[in-house]
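Inspection log for the structure reproduced underneath, given as structure tokens.
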Amino acid sequence: MSIETKSMHITPVGGNVFADLGFEPKEAAALKAESQRIISEKLSIKDSLMTELAGWIEAKKLKQAEAAEILGVTRPRVSDVINKKAIKFTIDALVDMLARTGKHVQLSVQ
């Protein structure tokens, strides 16, 4: 038995995967806009959490290796936080790191 592994279609950057999947143009545009809104919200949350972590590291005058030990991560992960590489983190991982600093994260839903 052979499994086909070649891609038959690739949606270009900036393209609309929903249109490529066969949704009607109006619905595809609405789905794309909603997914972009959700992604933007998640990135904003991650950015806020990383800003808080970076501020804590700076306020404590910690070296990255020292911060890594306290946060329970590797030194490169601390660098990723400081450089705001949001794609490399889940919100959960960032909240866990903040908890290790003694900070508490509160969630507000509106």
Side-chain angles (χ1 to χ4, degrees):
M1 175 182 218
S2 175
I3 297 174
E4 181 63 46
T5 59
K6 284 178 38 178
S7 296
M8 298 300 175
H9 175 78
I10 298 173
T11 302
V13 173
N16 189 332
V17 69
F18 300 104
D20 291 348
L21 289 171
F23 287 91
E24 294 296 322
K26 193 172 184 178
E27 186 177 10
L31 289 167
K32 180 180 179 184
E34 178 64 7
S35 67
Q36 287 174 326
R37 183 192 64 76
I38 291 167
I39 291 167
S40 178
E41 284 180 1
K42 288 181 181 181
L43 289 175
S44 177
I45 291 167
K46 288 180 181 184
D47 184 68
S48 295
L49 297 171
M50 287 197 258
T51 297
E52 191 65 37
L53 280 164
W56 173 81
I57 292 166
E58 186 178 329
K60 295 286 187 181
K61 298 182 182 356
L62 297 172
K63 294 183 177 168
Q64 289 185 5
E66 295 167 329
E69 189 173 324
I70 294 167
L71 298 175
V73 296
T74 63
R75 202 249 356 120
R77 295 288 280 168
V78 172
S79 177
D80 290 339
V81 166
I82 291 170
N83 292 307
K84 297 206 176 170
K85 295 184 178 178
I87 195 77
K88 293 188 172 194
F89 296 94
T90 63
I91 292 170
D92 187 54
L94 295 167
V95 168
D96 183 58
M97 283 188 261
L98 280 164
R100 291 171 182 261
T101 71
K103 294 181 179 281
H104 301 282
V105 177
Q106 293 182 329
L107 175 65
S108 173
V109 179
Q110 300 175 0

#### Entry: Ile38, CD1 atom: more than 12 neighbouring heavy atoms under 6.0 Å
yes
### Summary
Heavy atoms of Leu71 and Met97 approach each other most closely as CD2-O, 3.3 Å
### Task
Verify, without hydrogens or angle tests, whether Glu66 (side chain) and Lys63 (backbone) share a donor-acceptor contact under 3.5 angstrom.
yes
### Query
Going through the checks in order, is the side-chain contact (heavy atoms from CB on, under 4.5 Å) test met by Phe89 and Val73?
CA-CA 12 Å; Phe89 296 94; Val73 296; over 6 Å; no
### Message
Show, in sequence, the C-alpha distance, side-chain angles and deciding distance for Asp47 and Leu43, and conclude whether the side-chain contact (heavy atoms from CB on, under 4.5 Å) test is met.
### Response
CA-CA 6 Å; Asp47 184 68; Leu43 289 175; over 6 Å; no
### Query
Is Asn16 reaching over with its side chain to a backbone N or O of Ala28, donor-acceptor style, under 3.5 angstrom?
yes
### Message
A quick test of your reading: do over 12 heavy atoms of other residues, nucleotides or ligands sit less than 6.0 Å from CD of Glu34?
### Response
yes
#### Entry: Member of Ile45, Leu49, Val105 meeting the side-chain contact (heavy atoms from CB on, under 4.5 Å) criterion with Leu94
Leu49
### Message
If I take atom CG from residue Leu62 and atom CD from residue Glu69, how far apart are they, to the nearest 0.5 angstrom?
### Response
10.5 Å
### Task
Identify the heavy atoms of Arg77 and Lys88 that sit nearest to each other, and give their distance.
NH1-O, 2.9 Å
### Query
How about Val81 and Trp56: do any of their side-chain heavy atoms sit closer than 4.5 Å?
no
### Query
Given the rule in the side-chain contact (heavy atoms from CB on, under 4.5 Å) test, do Leu31 and Val17 qualify, once you have shown the distances and angles that lead to the verdict?
CA-CA 9 Å; Leu31 289 167; Val17 69; over 6 Å; no
#### Entry: Heavy-atom donor-acceptor pair, Ser44 side chain to Ser40 backbone, under 3.5 Å
no
### Task
Evaluate the criterion side-chain contact (heavy atoms from CB on, under 4.5 Å) for residue pair Ile57 and Gln64; output intermediate values, then yes/no.
CA-CA 8 Å; Ile57 292 166; Gln64 289 185 5; 5.9 Å; no
### Distance, nearest 0.5 Å, that separates CZ of Arg100 from CG of Leu53
11.5 Å
### Task
Evaluate side chain to side chain donor-acceptor pair (under 3.5 Å) for Lys85 paired with Ser79, printing each intermediate quantity in order.
CA-CA 9 Å; Lys85 295 184 178 178; Ser79 177; 6.0 Å; no
### Message
Nearest 0.5 Å, please: how far is CD1 in Ile82 from OG1 in Thr51?
### Response
11.5 Å
### Query
Which atom names give the shortest non-hydrogen contact between Lys46 and Ile91, and what distance separates them?
CG-CG1, 3.8 Å
### Task
Measure across Glu52 and Leu98 and return the closest heavy-atom pair with its distance rounded to 0.1 Å.
CG-CD2, 3.7 Å
### Task
Please check if atom CD in Glu41 has more than 12 non-hydrogen atoms from other residues, nucleotides or ligands closer than 6.0 Å.
yes
